Amino acid sequence: MSNKRILPAYPLFVKDPNFSLWSVTEELNKSHVQSWWGAEKRIYGFLKTQGNTYCFLGNGEDFANCGVQCAEQISLAVTAFSTDYVFRAGGVELKVKFVSPLLPDDPEMIALPVCYLEYEIEGDADAEISLFVNRTIAYNEEIGCDHSVCGAAADLNGFECAFLGRKRQMYLSNNGDKIGADWGYWYVAGEEASFLDACDLAAYLTGGLKCFSAAGEECYIGAFNKTHKGILALGYDDVVSIQYYGEFRKGYYLQDHTIIEALQTVWNGYRKTDERLAAFDKELQKKAAPFGKSYLDLLYASLRQSVSSHKLIKDTDGTLLFLSKECDSNGCIATVDVSYPSMPLFLLYNTELVKGMMRPILKYARMPAWPYDFAPHDAGTYPNCCGNVYGFTDQKSKYTGTLRKEDTNTWFPVYLLPARSQIYDMRYQMSVEECANLLIMWYACYHCDKDISFFAENADLAEKWVEYLVKYGLKPEEQLCTDDFAGHLKNNLNLAIKATVGIACYAELLNATGGGERGAEYRKTAEEFAAEITAFANRFPHLPISWDADESTFSLKYNFAFDKILRLGLFPQEVLEREVDCYLKKANTFGTPLDNRETYSKTDWITWAAALTDDAEKRTNMIAYLDKFLKESPHRVPFSDWYRTQNGEHVFFRARTVQGGCFILLL
């Protein structure tokens with residue numbers, strides 16, 4: 001296969017943080033399928049044709065002693081919702097598409113917990129295709145744990161499914177970062193399906209046996225099709241998805257349907273789904289065309305990852321909640337400074353999802369445990385909404401116990417604590433950052449959907465947070481921000497820009513609710529902040545990193561972006577153009593560093609920086625660095641947003657929702 005690499009890792013079946021399976025090699029049958037965090041999951045696809053058995057999915061060498069050959073991969077392509085392969089197996093051509101239906105404007109489709117492998121076989125009318133999933137799908141590889149599973153098969157009137165899950169079902173028993181669920185049940189569906197063991201699988205591969213005993217410990221579920229065109233489906237029923245401030249909640253789809261209904265919906269309706277996905281893809285290509293093919297590849301890399309790193313649920317009132325997992329950074333749930341960069345994708349297609357990101361934070365901000373005049377950072381650790389867990393104090397007392405700054409992996413209901421508990425260390429809160437993020441998100445939603453009710457319901461919180469920005473936003477004290485990797489920074493100018501934009505957004509929200517006089521006051525404050533920043537900028541070829549630095553320093557001032565997008569008119573375009581000129585001069589092989597202190601950068605912020613310029617050539621040059629990173633990074637992990645600009649190595653952060661920010665140029 002001579003195709004040029006498209007992505008560092010390819011999404012196969014992705015739906016939510018616990019249902020996220022990837023290929024990390026160019027050839028699908030040369031490695032094991034992996035979870036987003038890199039755990040190997042033994043999932044295999046086979047084609048039996050003309051007396052031979054070929055492996056097209058999973059490490060084909062695992063079954064060489066059964067006479068299985070590796071199919072020859074001819075091509076690989078990526079679309080918005082599928083990863084597509086073509087194989088040659090003897091005289092047969094096999095086309096397969098791994099489809100993850102995740103239309104961002106359709107909550108029910110996002111939440112429907114089934115993906116499918118769509119295929120077409122040419123050259124042998126009697127060929128049989130099969131999909132096998134090993135029991136390792138159902139748990140993490142903890143040493144000393146009981147990994148016993150149970151399973152069976154079922155006739156679903158026209159097709160069959162097989163399922164397995166851990167015998168010990170302890171719902172929501174894992175929270176943290178690089179870990180998956182070990183509860184719930186996995187399903188495969190095909191014309192026939194069976195629960196089987198390793199000996200049964202070996203017998204099937206060598207002789208075609210389908211009289212399965214499933215007597216051995218090494219269990220699989222398998223699905224088989226004899227038709228030359230169709231689907232094999234993979235589904236996951238987590239039974240309980242999220243603990244939301246003391247309430248156990250099912251997923252959005254499974255709240256009102258069963259996993260069997262989900263499988264039937266996909267089996268009977270995948271052609272119509274294909275049409276809808278294709279129409280979306282066609283429209284996306286049209287929207288991205290002015291920015292070049294490299295930008296379309298960037299969007300393809302971002303879309304499925306960004307949507308599937310959330311879990312969609314409803315609260316007891318039926319209100320939508322769209323909960324992110326902060327993958328490969330600390331595992332927090334509903335993190336504000338993860339939601340904010342992901343926002344462009346969801347603003348484009350469904351503002352209700354942006355509101356669903358904000359609601360868990362707003363709920364916690366009203367609880368006694370959060371008595372502060374600035375916004376929280378998160379709502380707990382996925383899948384547990386227990387209240388903000390970031391920035392616990394290290395001060396030991398009988399009131400803090402084992403709640404420690406470095407340990408966000410808690411199930412304790414923090415939200416129940418009284419205001420006087422003092423469990424947080426103010427040095428580790430992102431006070432200016434999160435206040436401004438939420439104000440901008442509020443106004444961005446209103447700007448897109450013209451519905452002011454969501455803001456109006458929470459105007460008291462917004463007023464408290466804008467006052468915090470007025471007091472502390474222009475010249476922030478040393479504090480955490482979302483880009484604190486190289487250390488805390490006092491007088492952070494990028495943070496001051498965000499605070500200024502946040503105040504102006506609040507002014508516009510007041511105007512929309514009839515508070516024009518007070519809106520004018522906040523608008524005046526934002527303009528005064530902007531004028532001071534602009535005057536400082538005009539002293540230099542570009543803005544330094546902070547108020548007390550000089551032109552030998554720089555940083556990506558991506559927070560200008562929503563001033564431009566929301567047409568707030570705070571900052572002159574010439575300031576933004578000088579910034580982009582600086583970024584291009586400072587660029588290394590794979591892009592511009594986040595600031596002068598280190599050589600690493602972030603893909604979302606580089607895209608936001610590209611949105612600052614009106615010059616198409618500059619914008620194209622900025623995006624080209626990210627395309628190069630996708631195609632040449634030596635680390636084969638789901639699209640990382642934190643990487644080194646000299647060599648393309650990822651530092652941390654993989655499979656994160658923030659890549660939704662790459663859609664910002666379409667705004």
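Computed from a predicted structure; not experimentally measured.
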- Message: Before you tell me yes or no, could you show the steps for Arg359 and Asn458 under side-chain hydrogen bond (donor to acceptor under 3.5 Å, both in side chains), namely the whole-Å CA-CA distance, both residues' side-chain angles and the distance that decides it to 0.1 Å?
- Response: CA-CA 10 Å; Arg359 289 184 178 113; Asn458 297 281; over 6 Å; no
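- In summary, the side chains of Asp548 and Ser546 do present a donor paired with an acceptor at a separation below 3.5 Å, with no hydrogens or angles considered.
- Side chains of Arg518 and Asn511: no donor on one and acceptor on the other come within 3.5 Å.
- A side-chain donor-acceptor contact under 3.5 Å links Asp615 to the backbone of Lys618.
- With Phe536 as the fixed residue, the ring-ring contact (aromatic ring centres under 6.0 Å, His included) test singles out one of Trp547, Phe529, Phe571: Trp547.
- Using a 3.5 Å distance cut-off with no hydrogens or angles, the side chains of Thr319 and Asp317 do not pair a donor with an acceptor.
- Side-chain N/O atoms of Gln659 and Thr603 include a donor and acceptor closer than 3.5 Å.
- In this structure, Glu457 places its CD atom where more than 12 heavy-atom neighbours from other residues, nucleotides or ligands lie under 6.0 Å away.
- Expressed to the nearest 0.5 Å, how far OG of Ser324 lies from NZ of Lys311 amounts to 14.0 Å.
- The main-chain N or O of Leu543 is found under 3.5 Å from a side-chain atom of Glu579 such that the two form a donor-acceptor pair.
- The backbone N or O of Thr599 lies less than 3.5 Å from a partner atom in the side chain of Thr645, making a donor-acceptor pair.
- The two residues Thr513 and Ile452 make their nearest non-hydrogen contact at CG2-CG1, 3.3 Å.
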- Would you sort out whether Asp106 and Asn350 count as a side chain to side chain contact (heavy atoms under 4.5 Å, CB included), showing the intermediate values? CA-CA 8 Å; Asp106 186 341; Asn350 191 350; over 6 Å; no
- Which is it for Asp595 and Ser555 under the side-chain hydrogen bond (donor to acceptor under 3.5 Å, both in side chains) test, yes or no, and what are the steps along the way? CA-CA 4 Å; Asp595 61 50; Ser555 64; over 6 Å; no
- What's the verdict on salt bridge (Lys or Arg N to Asp or Glu O under 4.0 Å) for Asp449 and Lys355, showing C-alpha distance, side-chain angles and the deciding distance? CA-CA 11 Å; Asp449 66 18; Lys355 297 170 188 177; 2.9 Å; yes
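- Closest of all the heavy-atom pairs between Pro107 and Asp105 is CD-O, 3.7 Å.
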- Message: One pair to check against ring pair (Phe, Tyr, Trp, His ring centres under 6.0 Å): Tyr600 and Tyr643. What are the steps and the verdict?
- Response: CA-CA 5 Å; Tyr600 45 60; Tyr643 71 100; 9.7 Å; no
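- Looking at every heavy atom in both residues, Ala609 comes nearest to Val580 through O-CG2, 3.7 Å.
- Listed for the Asp604 side chain is no donor-acceptor partner under 3.5 Å among the backbone atoms of Pro341.
- One distance of note links OG1 of Thr553 with CD1 of Ile545; it measures 6.0 Å at 0.5 Å rounding.
- Taking the six-membered ring for Trp and the full ring otherwise, the centers of Tyr390 and Tyr428 sit at least 6.0 Å from each other.
- Side-chain contact annotation: Ser552 with Asp550, donor-acceptor N/O pair under 3.5 Å present.
- When all heavy atoms are compared, the tightest approach of Trp608 to Gly661 is NE1-O, 3.2 Å.
- Contact detail for Leu493 and Pro544: the closest heavy-atom pair is CD1-O, 3.4 Å.
- With hydrogens and angles ignored, the 3.5 Å screen pairs a side-chain donor or acceptor of Glu577 with a backbone N or O of Asp614.
- For Phe540, the CZ atom sits in a packed shell: over 12 heavy atoms of surrounding residues, nucleotides or ligands are nearer than 6.0 Å.
- Salt bridge Arg578/Glu574: absent, no basic N to carboxylate O contact under 4.0 Å.
- Side-chain rings of Phe322 and His310 approach one another, their centers coming within less than 6.0 Å.
- Counting only residues at least two apart or in different chains, ring pair (Phe, Tyr, Trp, His ring centres under 6.0 Å) contacts with residues 499-525 comprise Tyr506-Tyr522.
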- Query: Could you go step by step and tell me if Asp177 and Asn330 meet the side-chain hydrogen bond (donor to acceptor under 3.5 Å, both in side chains) rule?
  - Reply: CA-CA 5 Å; Asp177 192 355; Asn330 65 12; over 6 Å; no
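- Thr525 meets the side chain to side chain donor-acceptor pair (under 3.5 Å) test with no other residue; sequence neighbours excluded.
- For Gln243 (side chain) and Gly246 (main-chain N/O), a donor-acceptor pair under 3.5 Å exists by modelled atom type.
- At a threshold of 4.0 Å, the pair Asp315-Lys363 does not count as salt-bridged, since none of the basic side-chain nitrogens sits closer than that to a carboxylate oxygen.
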- Kindly indicate, with the supporting measurements, whether the criterion salt bridge (Lys or Arg N to Asp or Glu O under 4.0 Å) is fulfilled by Arg654 and Asp641. CA-CA 7 Å; Arg654 62 172 84 176; Asp641 56 293; over 6 Å; no
- Decide yes or no on salt bridge (Lys or Arg N to Asp or Glu O under 4.0 Å) for Lys471 and Glu467, but give the supporting numbers first. CA-CA 6 Å; Lys471 291 178 183 177; Glu467 280 300 313; 5.5 Å; no
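- The closest donor-acceptor contact from the side chain of Gln255 to the backbone of Ile313 lies at 3.5 Å or more, if one exists at all.
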- Message: I'd like to know whether Trp465 forms a ring pair (Phe, Tyr, Trp, His ring centres under 6.0 Å) with Phe455, so could you lay out the CA-CA distance, the side-chain angles of the two residues, the decisive distance to 0.1 Å, and finally the verdict.
- Response: CA-CA 13 Å; Trp465 295 339; Phe455 166 75; over 10 Å; no
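- Figure legend: Lys585 and Tyr583 shown without cation-pi pairing, the cationic atom not lying both under 6.0 angstrom from the six-membered ring centre and within 45 degrees of its axis.
- Here OG1 of Thr351 is found 11.0 Å from CE of Met357. Values are rounded to the nearest 0.5 Å.
- Across all their heavy atoms, Leu665 and Ala610 have their closest contact at CD2-C, 4.1 Å.
- Side chains of Ser309 and Arg656: a donor-acceptor N/O pair is absent below 3.5 angstrom, by distance only.
- Without hydrogens or angle criteria, Ser20 side chain to Asp16 main chain gives no donor-acceptor distance under 3.5 Å.
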- For the pair Lys475 and Glu532, evaluate salt bridge (Lys or Arg N to Asp or Glu O under 4.0 Å) and give the outcome as yes or no after the intermediate values. CA-CA 11 Å; Lys475 296 184 179 178; Glu532 190 167 346; 3.4 Å; yes
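- Ser241 contributes a side-chain N or O that, together with a main-chain N or O of Gly251, makes up a donor-acceptor pair within less than 3.5 Å.
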- Message: Test side-chain hydrogen bond (donor to acceptor under 3.5 Å, both in side chains) on Asp337 and Thr335; report intermediate values, then the result.
- Response: CA-CA 6 Å; Asp337 54 280; Thr335 302; 5.9 Å; no
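- Taking the centre of each ring, Tyr415 and Trp370 stay at or above the 6.0 Å mark.
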- Could you walk me through whether Tyr472 and Tyr468 pass the ring pair (Phe, Tyr, Trp, His ring centres under 6.0 Å) check? CA-CA 6 Å; Tyr472 305 110; Tyr468 192 91; 4.7 Å; yes
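- A donor-acceptor contact shorter than 3.5 Å links the side chain of Ser342 to the backbone of Ser339.
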